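The structure appears below as structure tokens.
Quick caveat: nothing in here was measured; it's all calculated off a predicted structure.
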Amino acid sequence: MINRRKLLALSLGAALLSLPFAATLIVHSSPARAAEKVKVVTSFSILGDMVREVGGDRVDLTTLVGPNADAHTFEPRPIHSRAVGAADIIFINGLGFEPWFARLAASAGAKGKIVTASEGVKALAFQGDEGDGHQQDPHAWQNLENGVLYVRNIAAALASIDPDHAAEYKSRADAYAAQIESLHASIKAELDAIPADQRKVVTSHDAFGYFAAAYGIEFMSPQGVSTEGEASASDVAKIIDQIRAQGIRAVFLENIANSRLVERIAKETSARVGGTLFSDALSDPSGPAPTYVKMFEHNVHELVTALKPS
């Protein structure tokens, strides 16, 4: 007597064999490929947040230089090399911001697509003693209009290696870009309300050139565009003289920089410490600037609080 289970199995097998070949492919197709995520590496936390916003749950994201960390002085470790070596796509800022990346990519044997997120930005030249107008300022994300360009570059790059989800990347990028553009307009209006002669502040290093050009705030700093070098005694003395001569009311700490220099400048002048600005890195998730948008909202709030007329 034939076992009923065996008989059922034989019947199902015969039925499958009688189907057209295309139909058997559909029956046996696996969703595993569709569920795979794009392995993405970003160089620093601000760029990582942008990629997360555009990529959503389609990306498996690793960020090399994390919250409150300084990309200028970053020293890659083996764990970073492994991440770069395994990535499908790698996003860097460019404009000289990551001088360590070429060595890291070479040592990691990087095979993924390398994308410069700042591609197309009209780069500013650093005009201080460090660069004499020949060095590019890498902090292009500090103008929200450039942030929109980053977002478009990110969406296009993700779509190029994952074309099946190109429409999703574009949709998310469109919504994110609209949010950034709205914030750009509101920030301009808010800062324009401060008298022009009071829009002067001091920060640790020269990270806000694009912000200054976009929003009409004059930033001065004793260090150049990188935090690698120490500010000289003459640079510090020059800043102190400027604060006294121009009646500058506020000096700001930066989340990636040692606070001692700014505190010394504040102590020797009538300026007060206006708070902490986020320049090259986001805060951790529990801090005041865990995303690119919230970073701008926080920085502008700190600036307006310190500079607005009493």
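- Taken to the nearest 0.5 Å, the CZ atom of F101 stands 11.0 Å off from the CZ atom of F74.
- The only option from T203, L144, L277, V300 that meets the side-chain contact (heavy atoms from CB on, under 4.5 Å) definition with F211 turns out to be V300.
- S283 is not listed as a side-chain neighbour of P67, based on a closest heavy-atom distance of 4.5 Å or more.
- A donor-acceptor pair is defined here as one N or O able to donate and one able to accept, closer than 3.5 Å; no such pair exists between the side chain of T116 and the backbone of E119.
- Distance check: L149 CG to K122 NZ gives 13.5 Å after rounding to the nearest 0.5 Å.
- Remark: L191 CG to L307 CG distance equals 8.5 Å, nearest 0.5 Å.
- Although no hydrogens or angles enter the test, the distance criterion places a donor-acceptor pair under 3.5 Å between the side chain of N299 and the main chain of F278.
- The two residues V115 and A157 make their nearest non-hydrogen contact at CG2-CB, 3.7 Å.
- Atom CD of E168 and atom CG of D57 lie 6.5 Å apart (nearest 0.5 Å).
- The main-chain N or O of S279 is found under 3.5 Å from a side-chain atom of Q142 such that the two form a donor-acceptor pair.
- No more than 12 heavy atoms of other residues, nucleotides or ligands shown are found within 6.0 angstrom of NZ on K111.
- Formation of a donor-acceptor pair under 3.5 Å by the S186 side chain with backbone atoms of L183 is found in this model.
- A donor-acceptor contact shorter than 3.5 Å is absent between the side chain of Y176 and the backbone of V54.
- With a 4.5 Å cut-off on side-chain heavy atoms, L303 and I194 do not count as touching.
- Taking a 6.0 Å sphere around CD of E218, one finds it holds more than 12 heavy atoms contributed by other residues, nucleotides or ligands.
- Here the closest non-hydrogen pair linking D137 and L95 is O-CD1, 3.9 Å.
- Residue pairs meeting the salt bridge (charged side-chain N to carboxylate O under 4.0 Å, His left out) criterion with at least one partner in residues 140-162, sequence neighbours excluded, are R58-D162, R152-D174.
- For the pair V201 and F208, the minimum side-chain heavy-atom distance is 4.5 Å or more.
- Looking at T305, its side chain does come within 3.5 Å of a backbone N or O of H301 through a donor-acceptor pair.
- Shortest non-hydrogen contact noted between V65 and A69 is CG1-CB, 3.6 Å.
- Considering CZ of F44 and CG of L64, their distance stands at 11.0 Å, rounded to 0.5 Å.
- Using a 4.5 Å heavy-atom threshold, the side chains of V40 and L158 count as touching.
- Listed for the D280 side chain is no donor-acceptor partner under 3.5 Å among the backbone atoms of D70.
- Contact between S43 and E98 at its shortest, heavy atoms only, is OG-OE2, 2.6 Å.
- Among residues at least two apart or in separate chains, there is no salt bridge (charged side-chain N to carboxylate O under 4.0 Å, His left out) pair with a member in residues 181-200.
- H184 places no side-chain N or O within donor-acceptor distance of the main-chain N or O of N143, the cut-off being under 3.5 Å.
- Taking the ring centroids of W141 and Y292, they lie at or beyond the 6.0 Å cut-off.
- Here the closest non-hydrogen pair linking P99 and R103 is O-NH1, 3.4 Å.
- In this structure, S45 contributes its side chain and L282 its backbone to a donor-acceptor pair below 3.5 Å.
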Check: residues 78-94 side-chain donor-acceptor pairs under 3.5 Å, at least two apart:
| residue | atom | partner | partner atom | Å |
| --- | --- | --- | --- | --- |
| H80 | ND1 | R77 | N | 2.9 |
| D88 | OD2 | K39 | N | 2.8 |
| N93 | OD1 | Y150 | OH | 2.4 |
| N93 | ND2 | P138 | O | 3.0 |

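- Taking all atoms of both residues into account, the shortest heavy-atom contact from A212 to F219 is CB-CD1, 3.9 Å.
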